[in-house]
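Below is one structure, written out as structure tokens, with a few remarks after it.
All chains are named by letter (A, B, ...) in the order of the sequence lines, taking the proteins before the strands, and each is independently numbered beginning at 1.
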2 protein chains.
Amino acid sequence: MTESIHVSNRAAKSRAETPAPRSRKRAGNGASRPDAGDLDIGLDALAGHAGYAVRRFQIWIFQDFIRTLAAVDIRPTQYSVMTVIGANPGLSQMAVAKRLGIERARLVHLLDSLEHRDLVSRVRSATDRRSHALHLTARGRTALAQFRRLAAEHERHVAEKIGKENREKLLQILSAFT
Amino acid sequence: MTESIHVSNRAAKSRAETPAPRSRKRAGNGASRPDAGDLDIGLDALAGHAGYAVRRFQIWIFQDFIRTLAAVDIRPTQYSVMTVIGANPGLSQMAVAKRLGIERARLVHLLDSLEHRDLVSRVRSATDRRSHALHLTARGRTALAQFRRLAAEHERHVAEKIGKENREKLLQILSAFT
DNA sequence: GAAGATTGTTGTTGACGACAACAATTGTTG
DNA sequence: CAACAATTGTTGTCGTCAACAACAATCTTC
């Protein structure tokens, strides 16, 4: 079962959205973020909680990533897996899972999907016959190059959303988690 | 959508073929974050992508929140729901859902749970008999006070983790999403 | 008053994290 | 070397969460 993508993207707001979208009619943009129509509700109730802000931001960022890479049908996790394999060919599934903080059980399905699309290949390791050496296929390598360009575009959306300097500051603050 | 992100960039770095099984033995704590034993794998492969860092940070922050409030069995979403209701008694489910970016279908279960624990009460609105006016019970109000103290403790953990100034900077950067 | 929208509800699907169990294959140790 | 322990990939289950669809009850509007 390929993990299909599902990005409800209704609302299609332009991402160059101005920081102050004041007069909107609350067209319910789903779970993205509260809009002006709701901001008067418990405005300060959740302020000062890092977790809440981070969660909302994370949802926004993922939605934009998925939307930006919708044409190639690649989701964030798939992209991360291909990136790690591309940078470190021959890694075992265990190593990839550990590096990305994914359960190895989960990675099995991810790789099934990617292998099915001929982007990644599992090769039985000769030195340790329990494990699989992971590689990008030729198709996977050229595809990844395109994914990277789209991911860079997504990253620009982030910069437009929170500001270029803020994005860099954020990356710096959270570098310990990368 | 919520997914994991992981993005990578900055390719470069070539690696040898075989993974050369290292000596990692720490049976790790699971999916928290890469530890030193794995940092040599594609170190720079995932740098420069906000989504990946934010995702990992969000996981960490939620785990700490859940752990810190484990004694009272309150999860982040439940806390946010009670906080909003506490600050704005009488809100409808629709209003709460919209404010928090939760689907109203999902909020039904959350409120079922909270109402079952006698923390929140649904009162049929007299003006609009379709909707429920949400209130904290007396028990809910005193409980929320305790939750807030524990949440403040959690917030201190965040400050210890990334630094007090960094936490404030982060809250400022992400204030648009709150 | 009829058509259409909104609110709460139930149910389904899919992505995801945490676990448990298992076969195949090491490694470790007596 | 043989028994035992650990690791790797795999399958499966359970619970959480977001996105949808459908529905009854209830406004709203024309």
Rounded distance in Å - [atom1] ([X]) to [atom2] ([N]):
X: B:Phe65; N: C:dG17; atom1: CZ; atom2: P; value: 20 Å
X: B:Gln93; N: D:dA25; atom1: CD; atom2: P; value: 17 Å
X: A:Gln63; N: D:dA19; atom1: CD; atom2: P; value: 6 Å
X: A:Leu91; N: D:dG9; atom1: CG; atom2: P; value: 10 Å
X: A:Glu103; N: C:dA21; atom1: CD; atom2: C1'; value: 14 Å
X: A:Lys98; N: D:dG9; atom1: NZ; atom2: C1'; value: 14 Å
X: B:Ile66; N: D:dC17; atom1: CD1; atom2: C1'; value: 12 Å
X: B:His109; N: C:dT12; atom1: NE2; atom2: P; value: 11 Å

Next item on the list: Mind checking side chain to side chain contact (heavy atoms under 4.5 Å, CB included) for B:Thr137 and listing every partner two or more places apart, or none if nothing turns up?
Entry: B:Asp118, B:Ser121, B:Arg139

Checklist line | Non-neighbouring partners of A:Arg129 that pass side chain to side chain contact (heavy atoms under 4.5 Å, CB included), sequence neighbours left out | finding: none

If the condition is salt bridge (Lys or Arg N to Asp or Glu O under 4.0 Å), which residues does [X] pass it with, not counting sequence neighbours?
X: A:Arg167; result: A:Glu155
X: A:Arg122; result: A:Asp112, A:Glu115
X: B:Asp128; result: B:Arg130

Notebook entry, point to check: Would you say the side-chain atoms of B:Arg56 and B:Tyr52 include a donor-acceptor pair closer than 3.5 Å?
Noted result: yes

Next item on the list: Could you tell me which nucleotide pairs with D:dC20 by Watson-Crick or G-U wobble geometry, both distances under 3.5 Å, or answer none if nothing does?
Entry: C:dG11

Next item on the list: Assign each of A:Arg130 and A:Val108 to its nearest nucleotide of DNA chain D by heavy atoms, then name whichever residue's nucleotide is nearer the 5' end.
Entry: A:Arg130

Check: Where along residues 110-129 of chain B does a heavy atom fall under 4.0 Å from DNA chain C?
Finding: B:Arg122

Margin query: I want to verify a distance call: between D:dG9, C:dT9, C:dT7, whose nearest atom is closest to the B:His132 side chain?
Written below: C:dT9

Check: Which of these nucleotides, D:dC17, C:dC19, D:dG9, is closest to any side-chain atom of A:Ala105?
Finding: C:dC19

So, OP1 or OP2 of [N]: does either fall under 4.0 Å of a side-chain N or O from [X]?
X: A:Arg106; N: C:dG14; value: no
X: B:Arg104; N: D:dA21; value: no
X: B:Gln78; N: D:dT16; value: no

Note to self: Quick one, B:Lys164 with B:Glu168, criterion salt bridge (Lys or Arg N to Asp or Glu O under 4.0 Å). Give me CA distance, side-chain angles, the key distance, then yes/no.
What the structure shows: CA-CA 6 Å; B:Lys164 189 170 181 298; B:Glu168 281 161 15; 3.3 Å; yes

